[in-house]
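This report refers to the structure that appears directly beneath it.
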There are 2 protein chains.
Amino acid sequence: MDRATTPTRPAGRPRSSVDATVFAATLNTVHQLGYAHATVDRIAGAAGVAKTTIYRRWPSKGALITACLVDAFGPAPLTGASREEIMSTAVRWTAAKIGEPGIGAAFAGVFTDAVNDPALRQLLSAQLQDPYRLALQEALGEPENRVLFFIDVVVGTLLHRMGMTGEPMADADVDALVEMVLRALR
Amino acid sequence: MDRATTPTRPAGRPRSSVDATVFAATLNTVHQLGYAHATVDRIAGAAGVAKTTIYRRWPSKGALITACLVDAFGPAPLTGASREEIMSTAVRWTAAKIGEPGIGAAFAGVFTDAVNDPALRQLLSAQLQDPYRLALQEALGEPENRVLFFIDVVVGTLLHRMGMTGEPMADADVDALVEMVLRALR
DNA sequence: CGGTATCGATACTAGAGGTAGCGTAACTGG
DNA sequence: CCAGTTACGCTACCTCTAGTATCGATACCG
């Protein structure tokens, strides 16, 4: 029940190290019951933790799920000999991750929550989208590449174009997206 | 306040023809407040209708939104001289539709509701996905074509692969999808 | 030992989807 | 004109969920 000793430990009782337990319980509960029925009460119960403890660490259910996803995804594997290989690995890895128990459902749930919540949208975008894209851009050396299709198209298109409340996608981006789709369908 | 006279009109007071009004109020409310804050109470109020009237016609909020989307989308324009032209028209039309006020947000909302509700998922799939895909397949003459990217990839991938509760996508389909993505990114 | 922050537990508020019951209105058939 | 039937608006209600407040106990620091 101890935590990593920081240089200057803050006063008071330190937090018990149950983050990993809560994350596991979250994915488990979402996997078994779906996002909507995975209530914070149930997640807390599954983790053997009080609900108030969860709300002390994460400000909302959406923030909890987002943190859980960030933890579950971890850093993307950016390996491969060629540029094409790197992209292939990353995309396949993303698809596989999304298919893991609970992750897909959690993502879909928090995703739509984010549509209605600007703060959560920003959090989700910052936590999931940007580091990923930046890392891949760095690995590929070409910032104009549209990588990580699931993130860019699903989150990008849906959040920006469907979200309505956020800043809209530029028409040029929409056109580029449509062209990309058509090329894939050809 | 009358309705189209059916061959044998059922007994009792006929329903007032407010479906279109309710649909308009629904899109309007979703557009202004987002899916989550567009409560059935508020939609009913905006339509000048009692909430009970809405629940007499549609069994749930999800069913209402789905019906509203079906009404808003209408039949897809399947015109064009070449196969490529037909696909281009359909995809662009879909993208434009999704960008219309309220439609995107409504779709995103009902979509995630469907992830947690098998009945709604089936309804959404039957109402939006299948007729669309079938009509395009017919127009294009090649059933193996993966058309309507937004529907197939967004609904297909997310519902099937992320939904978890539904039947999973076949590995071959996932592979095909990944290949498609890679081709688009190349 | 005093100060401080976390812990579990309980109780609570506000808002949402959805249902039940009621008196009234609109139609059909006799 | 009247009985039967169904939709209407209205109100009250139930259940569930996110999120908050409070409290005594606990674990750590100086």
Side-chain angles (χ1 to χ4, degrees), chain A residues 1-19 21-22 25-26 29-30 33-68 106 109-110 112-114 116-117 119-120, chain B residues 1-19 21-22 25-26 29-30 33-66 106 109-110 112-114 116-117 119-120:
Chain A
M1 281 288 195
D2 59 332
R3 222 187 179 206
T5 310
T6 47
T8 56
R9 188 204 289 269
R13 174 176 176 171
R15 292 189 172 174
S16 51
S17 57
V18 291
D19 282 21
T21 308
V22 172
T26 300
T29 309
V30 169
L33 305 178
Y35 185 80
H37 295 100
T39 68
V40 180
D41 269 303
R42 275 193 260 261
I43 292 174
V49 152
K51 186 170 71 162
T52 47
T53 296
I54 289 188
Y55 276 103
R56 192 176 298 110
R57 300 182 183 210
W58 301 279
S60 67
K61 177 181 175 179
L64 166 63
I65 308 281
T66 300
C68 183
V110 78
T112 298
D113 271 7
N116 297 302
D117 183 346
L120 181 57
Chain B
M1 280 288 194
D2 58 333
R3 215 175 188 218
T5 310
T6 48
T8 56
R9 188 204 288 267
R13 174 176 176 172
R15 290 190 172 174
S16 50
S17 57
V18 290
D19 282 21
T21 309
V22 172
T26 300
T29 309
V30 169
L33 305 177
Y35 185 81
H37 295 99
T39 68
V40 180
D41 270 300
R42 274 192 261 261
I43 292 174
V49 150
K51 185 171 71 164
T52 47
T53 297
I54 289 187
Y55 276 103
R56 192 176 297 109
R57 301 182 183 211
W58 301 278
S60 67
K61 178 181 176 180
L64 166 65
I65 308 279
T66 300
V110 77
T112 298
D113 271 8
N116 297 302
D117 184 346
L120 181 58

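The shown structure was predicted, so the numbers you read here are calculated from the model rather than taken from an experiment. Chain letters run A, B, ... following the sequence lines, proteins first, then strands; residues in each count from 1.
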Between [X] ([atom1]) and [N] ([atom2]), how many Å, whole number?
X	N	atom1	atom2	value
Trp58(A)	dT20(D)	CH2	P	15 Å
His37(A)	dT15(D)	NE2	P	16 Å
Ile43(A)	dA18(D)	CD1	C1'	12 Å
Tyr55(A)	dT13(C)	OH	P	18 Å
Leu64(B)	dA16(C)	CG	P	16 Å

Could you pull out all donor-acceptor pairs under 3.5 Å where a side-chain atom in residues 46-55 of chain A meets a protein atom, sequence neighbours excluded?
none

Practice item. Identify the two heavy atoms, one from Leu120(B) and one from Ala63(B), that lie closest to each other, and give their separation to 0.1 Å. Key: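 What the structure gives for the nearest pair is CD1-N, 4.0 Å.
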Check your understanding: Ala38(A) and Val30(A): which non-hydrogen atoms are nearest, and at how many Å?
Key ->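 Minimum heavy-atom contact is CB-CG2, 3.8 Å.
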Revision key, fill the gap. With sugar-phosphate taken as primed atoms, P, OP1 and OP2 and all else as base, the protein-contact string of nucleotides 1-12 of chain C at under 4.0 Å (heavy atoms; B, S, -) is ---BBBBBBB--
Exercise for review: Can you tell me which residue pairs pass the salt bridge (charged side-chain N to carboxylate O under 4.0 Å, His left out) test with a partner in residues 58-68 of chain A, sequence neighbours excluded?
Suggested key: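 Passing the test, one end in residues 58-68 of chain A: no pairs.
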**Study point:** pair Val22(B)-Arg57(B): side-chain heavy atoms closer than 4.5 Å
**Key:**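 No, too far: nothing below the 4.5 Å cut-off.
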Check your understanding: Under 4.5 Å between any side-chain heavy atoms of Trp58(B) and Ile65(B), yes or no?
Key ->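 No. Closest side-chain heavy atoms not under 4.5 Å.
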